[in-house]
Colleague: 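Pasting in a structure now, in structure tokens, and then I'll have a few things to ask.
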Amino acid sequence: MTIPLVDLKAQYHSIQDEIDAAIRRVIDNTAFIMGREVAAFEEAFADYCGVRHAVGVSSGTGALFLTLLGYGIGPGDEVITTPFTFFATGEAISQVGARPVFVDIDPVTYNIDPARIEAAITPHTRAIMPVHLYGQPAAMEEINEIARRHDLLVIEDAAQAHGSLYRGRRAGSLGHAACFSFYPSKNLGCYGDGGAVVTDDDELADRVRRLRDHGRINKYEHGELGYGHRLDGMQAAILSAKLPHLDEWNEGRRDRAARYARLLADMPVVTPEHLPDTTPVYHCYVVRVPDRDRVLQALKEAGIGAGVHYPIPLHLQPAYRFLELEEGSFPVAERMAREVISLPMYAELSDEQQDEVVAAIQAALEQTAVA
Ligand SMILES: *Cc1c(COP(=O)(O)O)cnc(C)c1O
């Protein structure tokens, strides 16, 4: 039996009638771009996150880009972030013309290490962009305190953290603004590309609303040069159908995570820590194993959809050669990039499937121990 890393079909089958009805409604109303479906989803998602505004955009990358632009961050500015993330986090900073300044990560949470942030602040620093990696909230209290002291913006990259909680508050409400992706495999995913900027900042919300739609101030008037970064009605309708299920799906992921931890407890496998005061949402279930690449290969051969998030930290990406950051610059991130492995994770993952994944890991570890 093959077991995928994520199973989007299983999720669809569990709410097929609701999704089909949402798609039908969009076709019946021919509201394909923006319109009432987008407005309705924006209201529901802002409510869910506990903030005043959600602005639907074309992707998570678009959300990051428009938020940075919306705050006027650009050439000459620096934004502090983690090197251990999906490429788009750094890319958005670079695309507005600013410079990403990487800070090494905490080896327990895999998130930016707050103790190292202040040393990276310069007179050019405008913002800190923590990523809630794998759905585990970053150390927001410490980060916000540093930002207050140095008068910096805090922009959450919440693309992996829909619904996670930090000290009782949702990801998305923990900084000045937050960026979500609705890429299909995210905890809340649409059936194409989509994203959102969420914020309590009225001015930023207005600015992003204009920027996403060609700088429009009304149907025919363009107040500034903007972008084509709108959210589709179809995607918004699908997201509205899925949002009421998000908490239950995240609960299912936490249940699966707890079961993995029990099953893996006696093996030489480092399982994720569930920190007190946070409710993670396990976008990825990431463990560390000795001889990662051989374990990965063995799992692939056993039909298990394992992955690596991420094998190359941003500072070592070919595209970032111009930053001239050598190997050894961020030792914790570099080590994790060599050791992490993502196991199949979704609410519908059955006990039998999970047992099979664990048995395959055990076999792989025994094989690599012998070899
Ligand atoms: C997925 C993701 C993004 C980008 O989202 P897209 O919708 O694919 O553009 C950005 N940051 C992180 C951490 C992500 O996981």
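Just so you know, ligand 1 is whichever comes first in the structure, and atom 1 is the first atom listed for that ligand. None of the values given here were measured: they were computed from a predicted structure. Values reported hereafter were calculated over all heavy atoms of this structure, with side chains retained and with hydrogens, waters and symmetry mates removed.
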Colleague: Is any side-chain heavy atom of T199 less than 4.5 Å from a side-chain heavy atom of V51?
Modeller: no
Colleague: What are the atoms of ligand 1, with element, lying closer than 4.0 Å to any heavy atom of T89?
Modeller: 11 (N)
Colleague: What residue and atom, counting heavy atoms only, is the protein's closest point to atom 8 (O) of ligand 1, and at what distance?
Modeller: Y183 CD1, 3.8 Å
Colleague: Check the pair Y183 / F86 against side chain to side chain contact (heavy atoms under 4.5 Å, CB included), numbers first and verdict last.
Modeller: CA-CA 13 Å; Y183 186 83; F86 179 59; over 6 Å; no
Colleague: Under 4.0 Å from a heavy atom of G60: which atoms of ligand 1 are those, numbered in the order shown and with their elements?
Modeller: 5 (O), 6 (P), 7 (O), 9 (O)
Colleague: Would a distance-only check, ignoring hydrogens and angles, find a side-chain to backbone donor-acceptor pair under 3.5 Å from E156 to L174?
Modeller: yes
Colleague: Compute the minimum heavy-atom distance from H283 to ligand 1 and say whether it is under 4.0 Å.
Modeller: no
Colleague: Give the residue, atom name and distance (to 0.1 Å) of the protein heavy atom nearest atom 9 (O) of ligand 1.
Modeller: T61 OG1, 2.5 Å
Colleague: Give me the residue, atom name and distance of the protein heavy atom closest to atom 2 (C) of ligand 1.
Modeller: K186 NZ, 2.5 Å
Colleague: Heavy-atom count around D151 CG within 6.0 Å, excluding the residue itself: above 12?
Modeller: no
Colleague: Please could you name the atoms of ligand 1 that S59 approaches to less than 4.0 Å, counting only its heavy atoms?
Modeller: 7 (O), 9 (O)
Colleague: Just wondering, are more than 12 heavy atoms of other shown residues or ligands nearer than 6.0 Å to CZ in R36?
Modeller: no
Colleague: Is the H309-Y134 ring centre distance short of 6.0 angstrom?
Modeller: no
Colleague: Distance under 4.0 Å to a non-hydrogen atom of V131: what atoms of ligand 1 satisfy this?
Modeller: 13 (C)
Colleague: Distance to 0.1 Å, residue and atom name: give those for the protein heavy atom nearest to atom 10 (C) of ligand 1.
Modeller: D157 OD2, 3.7 Å
Colleague: In terms of atom number and element, which parts of ligand 1 are under 4.0 angstrom from non-hydrogen atoms of T85?
Modeller: 13 (C)
Colleague: Can you find a side-chain donor-acceptor pair between Y282 and D255 that sits under 3.5 Å?
Modeller: no
Colleague: Would you say S181 has any N or O atom under 3.5 Å from an N or O of ligand 1, going by distance alone?
Modeller: yes
Colleague: Which ligand 1 atoms, with their elements, are less than 4.0 angstrom from a heavy-atom of A159?
Modeller: 2 (C), 3 (C), 10 (C), 11 (N), 12 (C), 14 (C), 15 (O)
Colleague: To the closest 0.5 Å, what do you measure between OG1 (T82) and CZ (R116)?
Modeller: 11.5 Å
